[in-house]
Amino acid sequence: MCETAEAASLLAWYDAHARVLPWRVSPSDRKAGVAPDPYRVWLSEIMLQQTTVAAVRDYFTRFTALWPTVEALAAAPDEQVMAEWAGLGYYARARNLLKCARVVTEEYGGRFPADHAALLSLPGIGPYTAGAIAAIAFDLPEVVVDGNVERVMSRIFRVETPLPAAKPELTALARSLTPAQRPGDYAQAVMDLGATICTPRNPACGICPWREACRARKDTVQAELPRKSPRKAKPTRHGMIFIGRRSDGAVLVERRPDKGLLGGTLGWPGSDWQEGAAPKALPPAAGDWRELPGEVRHTFTHFHLVLRVLVADLPQGTVPERGYFLEKSAFSPSDMPTAMRKAHDLAVRPAPTASG
DNA sequence: TATCCGTGGAG
DNA sequence: TCTCCAAGGAT
């Protein structure tokens, strides 16, 4: 393995095949002296954490249209940012996004630091994201290791150690290949390679720029790598929620606490979610609550959720014991995380009949 | 180190 | 239907 030659062959491949992405400066533009906007690089990297490019695209476009600069984002109301993030998942990212924007605005004069350690100290920025911003936005020679890089390294070096234990080994191997020239393009090139050629299933080894050097391909074990430790089975939790509506169209909602599952998001009042039978919960307001036929099913990272949904038409003067009324004009189900939006769908749309 | 934290698409 | 997975971070 000749490190310099491998980096060069990958960069040549990237020059010809780099994906066109809304937050990316193309290799030709970069060579022409165009510098990336660190704000856009940061925003894209946060959105892309454990999230596909396809899912991020529209969110990125909308965020940058609403808030073109980090100062603009820092000045945005929390509720609006949470509503715009709704549906993208991992809501701690949205809360940390605002924290970070405000720190950068207030303590860094609106400029992201061009320094790995300083970036790492910011909310929502961990080792990967700090390296990615340093490399992509500032062209610093950082070692950038994400899921793509882990997969690519495990294959070209045929690392049989299962993840996540293999992480340090894979990081060292990634470091051994990272060039001093064009580190920003190189970081994006390895990730593009992992996303388009060295894919988890059916890697396209025949057109890979690293096919000659790849140990896994030589030994025909590429489909089995990287190995992963077995995961835990998902339990099923049950709960009940209450969707209360006033005749003027206002709905009874609550803001979930900042910490924990769906932290800081808008939702329907309800019970805790537990394994076994759904825990009983008091309605958030007095009323004639009736349970809807059917149920809401949703799967989170580490458990399945089954929700019973109760609805009520509430009198105009109702004073809720929990939550608050949101006027019809101020409510959109798309402002809620998916599980809550599914519950609203069930309440609004009659359950499909067996005959269709 | 292990657990918690979403979502939608692919196969 | 079900499992896996995608540019991880915080605790």
Side-chain angles (χ1 to χ4, degrees), chain A residues 19 21-24 40-60 82 85-97 99-100 119-137 142-152 163-168 171 174 184 186-196 198-203 223 226-237 256-265 267 273 297-305 334 336-342:
Chain A
R19 286 180 293 174
L21 302 170
W23 47 85
R24 172 176 286 178
R40 293 168 63 88
V41 173
W42 163 73
L43 179 61
S44 69
E45 289 299 338
I46 301 299
M47 287 184 165
L48 286 162
Q49 289 168 3
Q50 296 290 287
T51 309
T52 59
V53 165
V56 164
R57 263 206 166 86
D58 290 348
Y59 283 86
F60 179 84
M82 295 308 294
W85 195 276
L88 198 55
Y90 285 134
Y91 297 94
R93 293 186 296 172
R95 302 194 302 275
N96 285 326
L97 189 80
K99 285 184 193 169
C100 184
L119 288 165
L120 190 56
S121 74
L122 294 169
I125 297 183
Y128 161 75
T129 304
I133 296 172
I136 298 169
E142 299 289 341
V143 182
V144 177
V145 183
D146 72 330
N148 285 306
V149 178
E150 290 176 354
R151 184 170 58 255
V152 170
L163 284 167
K167 175 98 177 178
T171 300
Y186 176 82
Q188 295 176 95
V190 192
M191 291 191 280
D192 271 24
L193 186 72
T196 65
C198 196
T199 50
R201 285 179 291 246
N202 303 317
R227 300 195 188 281
K228 301 200 172 178
S229 300
R231 3 186 123 189
K232 283 178 53 179
K234 288 178 168 64
T236 298
R237 298 184 191 173
R256 296 173 66 89
D258 267 349
K259 291 194 182 299
L261 186 74
L262 305 180
T265 63
W273 302 342
R297 292 181 174 274
H298 188 71
T299 298
F300 293 98
T301 311
H302 53 294
F303 66 92
H304 303 289
L305 176 65
S334 67
M336 290 182 160
T338 299
M340 298 295 170
R341 186 180 51 69
K342 285 182 180 175

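In what follows, chains are A, B, ... by sequence order, proteins preceding strands, each numbered from 1.
Between A:Arg227 atom CZ and C:dC5 atom P the separation is 13 Å, expressed in whole Å. Residue A:Asp192 contributes atom CG, which lies 14 Å from atom C1' of C:dA6 at whole-angstrom precision. Between the CD atom of A:Glu45 and the C1' atom of C:dA6 there is a distance of 13 Å, rounded to whole Å. Remark: P of C:dA6 and CG of A:Leu163 are 10 Å apart, rounded to the nearest angstrom. Taking atom CZ of A:Arg93 as the reference point, atom C1' of C:dG8 lies 9 Å away to the nearest angstrom. Remark: P of B:dT7 and CE of A:Met47 are 15 Å apart, rounded to the nearest angstrom. With rounding to whole Å, A:Lys234 atom NZ is found 11 Å from B:dT7 atom C1'. Distance, A:Arg297 CZ to C:dT3 C1': 17 Å, rounded to whole Å.
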Only distances under 3.5 Å count here; give the side-chain donor-acceptor pairs of residues 119-137 of chain A to other protein atoms, sequence neighbours excluded, each with its distance to 0.1 Å.
from: A:Ser121; atom 1: OG; to: A:Ala118; atom 2: O; distance (Å): 2.7
from: A:Tyr128; atom 1: OH; to: A:Glu45; atom 2: OE1; distance (Å): 2.8
from: A:Thr129; atom 1: OG1; to: A:Gln49; atom 2: NE2; distance (Å): 3.0

Exercise for the section: Starting from the C-alpha separation in whole Å, work towards a yes-or-no answer on side-chain contact (heavy atoms from CB on, under 4.5 Å) for A:Val53 and A:Arg19. Expected result: CA-CA 11 Å; A:Val53 165; A:Arg19 286 180 293 174; 3.8 Å; yes

Practice task
Kindly determine whether A:His304 and A:Arg297 satisfy side-chain contact (heavy atoms from CB on, under 4.5 Å), including the steps that lead there.
Solution key: CA-CA 7 Å; A:His304 303 289; A:Arg297 292 181 174 274; over 6 Å; no

Exercise for the section: Give the intermediate values and the outcome of side-chain contact (heavy atoms from CB on, under 4.5 Å) for residues A:Asp192 and A:Arg24. Expected result: CA-CA 12 Å; A:Asp192 271 24; A:Arg24 172 176 286 178; 2.8 Å; yes

Exercise for the section: Begin from the C-alpha positions of A:Leu88 and A:Arg93 and carry the test side-chain contact (heavy atoms from CB on, under 4.5 Å) through to its verdict. Expected result: CA-CA 10 Å; A:Leu88 198 55; A:Arg93 293 186 296 172; 3.8 Å; yes

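Among the protein residues, A:Leu21 comes within range of the nucleic acid bases, having at least one heavy atom under 4.0 Å from a base atom. A:Trp85 comes within contact range of no nucleotide atom at all, as no heavy-atom separation falls under 4.0 Å. Heavy atoms of A:Arg151 sit under 4.0 angstrom from primed sugar atoms or phosphate atoms, though from no base atom. If you check every strand for non-hydrogen atoms under 4.0 Å, A:Arg24 touches a base.
Contacts of A:Arg57 classified as salt bridge (charged side-chain N to carboxylate O under 4.0 Å, His left out), with partners at least two apart in sequence or in another chain: none. Scored by the ring pair (Phe, Tyr, Trp, His ring centres under 6.0 Å) test, A:Phe60 finds A:Trp23 as partners (sequence neighbours excluded).
Judged purely by atom type and a 3.5 angstrom limit, A:Ser44 uses its side chain to pair as donor or acceptor with the backbone of A:Val41. Between the A:Arg256 side chain and the A:Gly267 main chain, no donor and acceptor come within less than 3.5 Å of each other. Checked by atom type and distance alone, the side chain of A:Tyr91 never pairs as donor or acceptor with a backbone atom of A:Leu261 at under 3.5 Å.
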Interface polar pairs with nucleotides 8-11 of chain B, N/O, under 3.5 angstrom:
none

Identify all pairs in which a protein N or O lies below 3.5 Å from an N or O of nucleotides 3-5 of chain B, and state each distance.
from: B:dC5; atom 1: OP1; to: A:Leu261; atom 2: N; distance (Å): 3.3
from: B:dC5; atom 1: OP2; to: A:His302; atom 2: NE2; distance (Å): 2.4

With the criterion being N/O to N/O and under 3.5 Å, what pairs connect the protein with nucleotides 9-11 of chain C, and how long is each?
from: C:dG9; atom 1: OP1; to: A:Gly126; atom 2: N; distance (Å): 2.8
from: C:dG9; atom 1: OP1; to: A:Gly126; atom 2: O; distance (Å): 3.4
from: C:dG9; atom 1: OP1; to: A:Thr129; atom 2: N; distance (Å): 2.9
from: C:dG9; atom 1: OP1; to: A:Thr129; atom 2: OG1; distance (Å): 2.6
from: C:dG9; atom 1: OP2; to: A:Tyr128; atom 2: N; distance (Å): 3.3
from: C:dA10; atom 1: OP1; to: A:Gly124; atom 2: N; distance (Å): 2.7

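With hydrogens and angles left out, the side chain of A:Thr51 and the base of B:dG6 share a donor-acceptor pair within 3.5 Å.
Separation of the A:Phe300 and A:His298 ring centroids falls under the 6.0 Å cut-off.
Rounded to the nearest 0.5 Å, atoms CZ (A:Arg237) and CG (A:Leu305) are 8.5 Å apart.
B:dG6 and C:dT11: their P atoms are spaced 14 Å apart (whole Å).
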